[in-house]
Amino acid sequence: MNLRRDVFQAIADPTRRSILMLVAAQSMTAGAIASNFDTARPTVSKHLQILTECELLRSEQNGREIIYHLNPNKMKEIADFIEPFRQMWDDRFNKLENVMKAYQKKISNE
């Protein structure tokens, strides 16, 4: 049975989000990534496995080392999914801001 990991469960973990931020800035080896955390290297390796299975990271064999790269296409898929929700909340906050401004103007005119 081929189990597919859910990308949103993957990014729900703060350590995995931190790994994504690190690799977004620069492609890195597992050792370099692990050196940024106070957890055991096998724990970081498990996080890398999950991120790779979700296609958020790509791995490239370079001699004996594996270099991890951010997969911008998969990140864009996530951003595209989230965008309508961001727009909805922006609209709601803008409406609230307009109501508050109107209320403050009304109070200052009294």
Side-chain angles (χ1 to χ4, degrees):
M1 185 164 129
N2 186 11
L3 294 178
R4 184 159 183 224
R5 296 210 184 255
D6 180 71
V7 70
F8 291 100
Q9 286 179 337
I11 62 174
D13 185 275
T15 301
R16 289 193 281 269
R17 288 194 307 268
S18 295
I19 290 171
L20 289 172
M21 296 295 291
L22 283 170
V23 177
Q26 175 182 340
S27 296
M28 304 173 87
T29 64
I33 293 167
S35 70
N36 288 278
F37 298 94
D38 291 331
T39 58
R41 188 168 173 169
T43 303
V44 173
S45 291
K46 183 64 177 174
H47 287 302
L48 291 170
Q49 177 187 358
I50 291 168
L51 291 169
T52 303
E53 287 175 5
C54 291
E55 300 176 354
L56 292 168
L57 294 180
R58 290 182 294 107
S59 61
E60 172 190 2
Q61 188 80 35
N62 187 4
R64 292 177 42 192
E65 294 185 316
I66 297 175
I67 310 290
Y68 290 91
H69 308 274
L70 186 71
N71 181 355
N73 294 331
K74 193 65 168 183
M75 296 300 291
K76 183 170 179 349
E77 285 180 32
I78 295 169
D80 290 347
F81 176 81
I82 293 172
E83 182 60 21
F85 299 102
R86 189 195 62 76
Q87 288 178 356
M88 177 191 67
W89 283 107
D90 280 350
D91 291 344
R92 288 182 180 187
F93 285 124
N94 288 337
K95 287 177 185 175
L96 178 60
E97 182 179 28
N98 291 336
V99 167
M100 294 302 296
K101 285 180 181 177
Y103 180 74
Q104 288 174 343
K105 186 176 181 180
K106 180 182 174 186
I107 289 177
S108 65
N109 288 337
E110 288 181 356

*Asks:* Partners of Phe85 by ring-ring contact (aromatic ring centres under 6.0 Å, His included), sequence neighbours excluded?
*Replies:*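 ring-ring contact (aromatic ring centres under 6.0 Å, His included) list for Phe85, sorted by chain: Phe81.
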
*Asks:* Between the main-chain N or O of Asn71 and the side-chain N or O of Arg58, is there a donor-acceptor pair closer than 3.5 Å?
*Replies:*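 No.
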
*Asks:* Could you work out, with side chain to side chain contact (heavy atoms under 4.5 Å, CB included) as the rule, every residue matching Gln49, not counting sequence neighbours?
*Replies:*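 Side chain to side chain contact (heavy atoms under 4.5 Å, CB included) check on Gln49 returns Lys46, Glu53.
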
*Asks:* Please name the pair of heavy atoms, one in Cys54 and one in Asp6, separated by the smallest distance, quoted to 0.1 Å.
*Replies:*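 Taking Cys54 first and Asp6 second, the nearest heavy atoms are SG-O, 3.9 Å.
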
*Asks:* Side-chain heavy atoms under 4.5 Å apart, restricted to Ile/Leu/Val/Met/Phe/Trp/Tyr: what other residues fall into the cluster of Val99, or is it alone?
*Replies:*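 Its cluster partners, ordered by chain and number, are none at all.
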
*Asks:* How close do Arg41 and Ala34 get, heavy atom to heavy atom, and via which atoms?
*Replies:* CG-CB, 4.1 Å

*Asks:* If the condition is side chain to side chain donor-acceptor pair (under 3.5 Å), which residues does Asp80 pass it with, not counting sequence neighbours?
*Replies:*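 Once residues adjacent in sequence are excluded, the partners of Asp80 under the side chain to side chain donor-acceptor pair (under 3.5 Å) criterion are Lys76.
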
*Asks:* Indicate yes or no: at least one non-hydrogen side-chain atom of Ile19 is less than 4.5 angstrom from one of Leu57.
*Replies:*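 Yes, at least one pair of side-chain atoms sits under 4.5 Å.
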
*Asks:* Between Asn36 and Ala32 (side chain of the first, backbone of the second, donor and acceptor by atom type, cut-off under 3.5 Å), is there such a pair?
*Replies:*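 Checking the backbone N and O of Ala32 against the side chain of Asn36, a donor-acceptor pair under 3.5 Å is found.
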
*Asks:* For Glu97, which residues count as a side chain to side chain contact (heavy atoms under 4.5 Å, CB included) partner, sequence neighbours excluded?
*Replies:* Asn94, Lys101

*Asks:* So does Asp38 have more than 12 non-hydrogen atoms from other groups sitting under 6.0 Å from CG?
*Replies:*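 Check fails, neighbour count at 12 or below.
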
*Asks:* Could you tell me whether the side chain of Ile78 reaches within less than 4.5 Å of the side chain of Val7, counting heavy atoms only?
*Replies:*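 Yes, side chains in contact.
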
*Asks:* Run the salt bridge (Lys or Arg N to Asp or Glu O under 4.0 Å) check on Lys95 and Asp91 step by step: do they pass?
*Replies:* CA-CA 6 Å; Lys95 287 177 185 175; Asp91 291 344; over 6 Å; no

*Asks:* Linking Ile, Leu, Val, Met, Phe, Trp and Tyr through side-chain heavy atoms less than 4.5 Å apart, which residues share a cluster with Met21?
*Replies:*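 None; Met21 is a cluster of one.
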
*Asks:* Side chain of Gln26, backbone of Met28: donor and acceptor closer than 3.5 Å?
*Replies:*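 Such a contact is absent between Gln26 side chain and Met28 backbone.
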
*Asks:* Is there side-chain contact between Tyr68 and Thr29, with heavy atoms separated by less than 4.5 Å?
*Replies:*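 No. Closest side-chain heavy atoms not under 4.5 Å.
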
